[in-house]
Amino acid sequence: MAFDKLIIHWRFSFLSMNFFGLDIGNSSLKLVEVKIDRSKGKVLSLYGSSSLSHPVNLAVDGPEDLKELSSVIREFVDSYSLSSNKVVVALPESQIFTRVVSLPKMPEKELAKAMQYEAQQYIPVSLSEVSLDYQMISDSPTSAEQMEILVIAAPKTLVSKYLKVLKDSSLEVAALETETMAVARSLIADAKTPCSLVVNIGALTTDLSVVSGATIRFTRSISTGGTSLARAISQSLGFDLNQAEEYKRTYGLDSSQLEGKITQAIKPIFDVVIDEIKRSTAFYNTHHKEDKVKRVVVCGGTASLPGILIYMASSLDLEVILGNSWSRIYIPAKFSQKELEESGPSYAVAAGLALKEI
Ligand SMILES: Nc1ncnc2c1ncn2[C@@H]1O[C@H](COP(=O)(O)OP(=O)(O)OP(=O)(O)O)[C@@H](O)[C@H]1O
Ligand SMILES: [Mg+2]
């Protein structure tokens, strides 16, 4: 199987184009399937999640872990009446190198050649070790002489692990992409959406990406997430991890509760995320004075932390909104609106994968 052009462009061509989106997170599996309806567009056909009994990290997991993950995925997928065995999966942002680079304008053919020589300076590992892909950013606001290219590199070992796990789960991979690409698709409606910093706060990682004109301009991943918040509560207040998790979900960053003890415990850790948002925004704004970040869109399971939006808005000089994973999907009446709303933030990746045009 060719690894070239794997992430952005790669796909198998299937006769039938039914597929579902599968988000293999550190703490849970999530899937979303949509169907095309002539009048309603993309219609939600099913969605669901399942917690993983121990954290998954394909970058370091060994053969036994991968085997187990395959059977967990198979079992999870079998518990739904999916209309297809074909799947679109996201590679974890923390393992991917994403850069937007500026080059003199040139025809597509020349660009392919130029990338062979240019790419190495943007990728911190040897090009022989990565699957490299790139895409011209068509609505780039740069000058008439320059063009911007989105360059993505994924370690080949990681890609093979994903392909092996999915094959062993008896799934056919329709396409792979990165988590931020999926999230940008589900949360950012169209090119007219104001320049946004999308923050996906999961269990082990937080991914930040600036999305402008529906295109990714910048990405960054840090190893702080919901698990670190629960650990901080456990350490500072002496609860076991399960109890700490419960306190986190009940009181979070709402300082009016429990004399603000839970907030005090998680604040120093959550502020790592706040600082990274400030740094990423400042960095992006310095280089894009004409197209500054206007708002922050939060998603991922930790976006449901009580008080998170108020806390973020008061710490940042920006509007902060909760990402709506379902905004581009028609929701039939059989689904509970309340359940979709509650679990919405954690489906941003899976929904984006399900919406991929393939
Ligand atoms: N209501 C809630 N309040 C606070 N935190 C929550 C809530 N629901 C879920 N979480 C937290 O969200 C995290 C899981 O989020 P998510 O499902 O986005 O992560 P993941 O995709 O499995 O992990 P990662 O993105 O790091 O690979 C966990 O840390 C969990 O404790
Ligand atoms: Mg995730």
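Counting convention: from 1, in listed order, for ligands and their atoms alike.
- In Gln243, the CD atom is crowded: over 12 heavy atoms of neighbouring residues, nucleotides or ligands sit closer than 6.0 Å.
- Using a 4.0 Å cut-off between charged nitrogen and carboxylate oxygen, Glu276 and Arg279 count as a salt-bridge pair.
- Other residues, nucleotides and ligands place no more than 12 heavy atoms under 6.0 Å from the CD1 atom of Ile310.
- Close approach of ligand 1 to Thr227 is summarised as follows: ligand atoms under 4.0 Å from at least one heavy atom of the residue are 29 (O).
- The protein heavy atom nearest to atom 19 (O) of ligand 1 is Ala203 N, 3.2 Å.
- Numbered from 1 in the order shown, with element, the atoms of ligand 1 that lie under 4.0 Å from a heavy atom of Leu204 read 26 (O).
- Between Phe283 and His287, the two ring planes are tilted [angle within 30° to 60°].
- Given atom 27 (O) of ligand 1, the protein heavy atom at minimum distance is Asn26 N, 2.8 Å.
- The neighbour count for Lys42 NZ, taken as heavy atoms of other residues, nucleotides or ligands under 6.0 Å away, is above 12.
- For atom 2 (C) of ligand 1, the nearest non-hydrogen atom from the set Ser304, Ala350, Pro306 belongs to Ser304.
- Residue Glu245 places at least one N or O, backbone or side chain, under 3.5 Å from an N or O of ligand 1.
- Checked against a 3.5 angstrom limit, the closest N/O atoms of Thr302 and ligand 1 fall inside it.
- The shortest N or O to N or O distance between Gly300 and ligand 1 is not under 3.5 Å.
- Ranking protein heavy atoms by distance to atom 25 (O) of ligand 1, first place goes to Gly202 CA, 3.6 Å.
- The N/O atoms of Gly301, backbone and side chain alike, include one that comes under 3.5 Å of an N/O atom in ligand 1.
- Lys338 has no carboxylate O lying under 4.0 Å from a charged side-chain N of Glu341, or vice versa, which leaves the two without a salt bridge.
- Between Lys30 and ligand 1, at least one N/O pair is under 3.5 Å apart.
- Here's the thing with Gly25: none of its N/O atoms is less than 3.5 angstrom from an N/O atom of ligand 1.
- For the residue pair Asp291 / Tyr284, a side-chain donor-acceptor distance below 3.5 Å is found, with atom types taken as modelled.
- If you check which protein heavy atom lies closest to atom 14 (C) of ligand 1, you get Ser27 OG, 3.6 Å.
- Between Glu342 and ligand 1 there is no heavy-atom distance shorter than 4.0 Å.
- Counting heavy-atom neighbours within 6.0 Å of Asp317 CG, excluding the residue itself, gives a total of 12 or less.
- Other residues, nucleotides and ligands contribute only 12 or fewer heavy atoms inside 6.0 Å of the CD atom of Glu259.
- Annotation: Glu75, atom CD; neighbour count of heavy atoms from other residues, nucleotides and ligands within 6.0 Å does not exceed 12.
- Put simply, part of Ser28 is less than 4.0 Å from ligand 1, judged by heavy atoms.
- The 12-atom threshold is not exceeded at NZ of Lys167, counting heavy atoms of other residues, nucleotides or ligands nearer than 6.0 Å.
- The shortest contact between atom 29 (O) of ligand 1 and any protein heavy atom is with Gly226 CA, 3.3 Å.
- Protein heavy atom in closest approach to atom 5 (N) of ligand 1: Lys248 CE, 3.7 Å.
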